[in-house]
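First comes the structure, then the notes that go with it.
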Amino acid sequence: MTDKYAVIGNPISHSKSPQIHAEFAKQTNQDISYKPILASLNEFEVTVRRLIDDGYKGVNVTVPFKLQAFLLSDTLSPLAQSADAANTLILNRKNIQGHNTDGIGLINDITKNLGIKLQGKRVLLLGAGGAAEGVFQPILEQNPTILIVANRTLEKAQKMVNKSPNKASASTFGALQGQFDIVINATSTGISDIALPIPSSIFATECLAYEMMYGRETPFMAQARVTGAQVADGLGMLVEQAAEAFYLWRGVRPQTAPVIKMMRSA
Ligand code: ATR
């Protein structure tokens with residue numbers, strides 16, 4: 001019998017997840033269906049409960065429901081716990097298991113696809129919202145020499161680094177000093193084409209500038225490119241977080257490189 005999965009969000013029509021999971025299923029001979037589901041803002045829980053009644057085995061959760069998914073989960077993985085958000089749920093009639101694969105997605109894209117280690121590097125994380133929170137702990141687990149979290153609202157960055165005060169510190173954009181080997185933009189500024197008030201001197205020679213958004217050249221990417229940095233967008237992270245969710249559901253690891261290539265040429 002075909003096992004049913006879905007991605008829930010609002011909006012959802014732009015989601016690439018159905019296409020990615022269809023490719024994974026084809027590649028690994030898994031008999032699954034995967035649908036995009038639009039939930040109205042106050043109907044996340046009823047939507048998930050309805051899907052459980054319909055026999056769905058799992059869902060991905062995207063904006064703006066990752067916190068609600070976290071709160072709805074009966075059990076949480078350590079990564080969902082540290083992110084205060086869940087993007088992958090394993091469903092059955094007895095319980096809802098919440099996971100977060102965003103951080104693993106970012107780390108796998110940087111280390112495996114781009115071939116760059118975070119260990120021993122000076123890392124700068126720009127932003128302290130939901131997207132940054134999802135990747136903060138997984139970055140620390142890679143043992144960078146230093147992790148600075150810079151945010152427009154300093155208190156939010158401080159709150160995040162207080163979870164691991166010996167390993168990370170907080171900054172405003174204006175107070176940033178020195179150079180970084182890896183700079184990750186986890187702010188939402190790319191959506192509105194706003195440039196961040198960061199000096200170009202922060203990009204070290206041979207720096208990796210990683211934009212977590214995908215699908216367009218953001219001001220952050222353009223600024224980094226001028227300095228000669230290697231620039232990456234978040235398409236690889238999107239496919240990698242999907243692969244980790246697929247693995248949690250199916251116990252099979254799909255190959256991501258051909259899917260990233262296909263999505264990029266589409
Ligand atoms: P997401 O889920 O995409 O992370 P979010 O939780 O609303 O969305 O967080 C958005 C992030 O982008 C925050 O770090 C936010 O900074 P504040 O914490 O100060 O709000 C950042 N951001 C959004 N617009 C920004 C802007 N114009 N300049 C600088 N940072 C911005």
Side-chain angles (χ1 to χ4, degrees), residues 16-17 20-21 23-24 27-28 60 77-83 85 87-88 99-127 130-150 160-161 163-164 167-168 179-187 190 202-215 218 220-221 224-225 227-248 251-264:
K16 296 191 188 300
S17 294
I20 294 170
H21 282 278
E23 283 303 315
F24 288 165
Q27 199 193 92
T28 58
N60 282 135
S77 71
L79 285 175
Q81 236 152 12
S82 69
N87 76 333
T88 302
H99 295 261
N100 194 315
T101 66
D102 285 331
I104 299 168
L106 173 75
I107 300 301
N108 282 349
D109 194 33
I110 294 178
T111 59
K112 297 189 178 156
N113 300 329
L114 303 174
I116 295 170
K117 285 199 183 88
L118 286 96
Q119 189 180 8
K121 300 284 173 62
R122 292 173 55 86
V123 179
L124 171 62
L125 179 61
L126 302 168
E133 204 143 26
V135 300
F136 174 72
Q137 203 59 43
I139 292 173
L140 277 183
E141 282 167 15
Q142 296 295 305
N143 290 321
T145 315
I146 186 167
L147 174 60
I148 306 267
V149 179
M160 194 183 294
V161 303
K163 292 177 180 174
S164 294
K167 297 186 182 163
Q179 296 200 316
F180 295 88
D181 307 304
I182 300 176
V183 182
I184 299 163
N185 185 16
T187 72
I202 60 169
F203 298 99
T205 319
E206 298 190 9
C207 174
L208 169 67
Y210 195 100
E211 169 64 77
M212 280 175 51
M213 273 187 47
Y214 58 87
T218 64
F220 168 77
M221 292 165 80
R225 224 178 273 288
T227 71
Q230 177 181 346
V231 176
D233 70 4
L235 186 67
M237 174 179 172
L238 176 78
V239 175
E240 292 294 342
Q241 63 76 30
E244 192 63 23
F246 192 88
Y247 176 71
L248 286 170
V252 187
R253 243 175 232 295
Q255 285 184 3
T256 50
V259 181
I260 294 171
K261 197 170 162 196
M262 186 201 80
M263 302 297 293
R264 212 169 272 296

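- Thr101 and Asn87 share a donor-acceptor pair across their side chains, judged by distance under 3.5 Å alone.
- Residues Met237 and Val135 are in side-chain contact: their nearest non-hydrogen atoms beyond the backbone lie under 4.5 Å apart.
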Open item on the list: Run Ile107 and Ile139 through side-chain contact (heavy atoms from CB on, under 4.5 Å) and show every step you take.
Closed with: CA-CA 7 Å; Ile107 300 301; Ile139 292 173; 4.2 Å; yes
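- Considering every non-hydrogen atom in both Phe136 and Val161, the closest pair reads CZ-CA, 3.9 Å.
- Side-chain polar atoms of Thr88 and Asn60 form a donor-acceptor pair below 3.5 angstrom.
- The heavy-atom pair separating Thr28 from Pro254 by the smallest distance is CG2-CA, 4.0 Å.
- Between Phe24 and Val252 there is no side-chain heavy-atom pair separated by less than 4.5 Å.
- Defined by atom type and a distance below 3.5 Å, a donor-acceptor pair is present between the side-chain atoms of Glu211 and Asn185.
- Under a 4.0 Å N-O distance rule, the pair Lys117/Asp181 does not qualify as a salt bridge.
- Put simply, the side chain of Lys163 reaches to within 4.5 Å of the side chain of Glu133, judged on heavy atoms.
- Met213 has its side chain within reach of Thr218: a pair of non-hydrogen atoms, C-beta onward, lies under 4.5 Å apart.
- Side-chain N or O atoms of Thr145 include one that pairs as donor or acceptor with a backbone N or O of Gly120 at under 3.5 Å.
- Between the Arg225 side chain and the Val231 main chain, no donor and acceptor come within less than 3.5 Å of each other.
- Between Lys16 and Val239, the closest side-chain pair of non-hydrogen atoms is not below 4.5 Å.
- At least one side-chain heavy atom of Ile182 sits under 4.5 Å from a side-chain heavy atom of Ile184.
- With a 4.5 Å cut-off on side-chain heavy atoms, Gln27 and Val259 count as touching.
- A donor-acceptor pair under 3.5 Å is formed between the side chain of Gln241 and the backbone N or O of Leu238.
- Asp109 is listed as a side-chain neighbour of Tyr210, based on a closest heavy-atom distance under 4.5 Å.
- Pairing each heavy atom of Phe220 with each of Leu126, the nearest pair is CE1-CD1, 3.6 Å.
- Judged by distance alone, the side chain of Ser82 and the main-chain N or O of Leu79 form a donor-acceptor pair under 3.5 Å.
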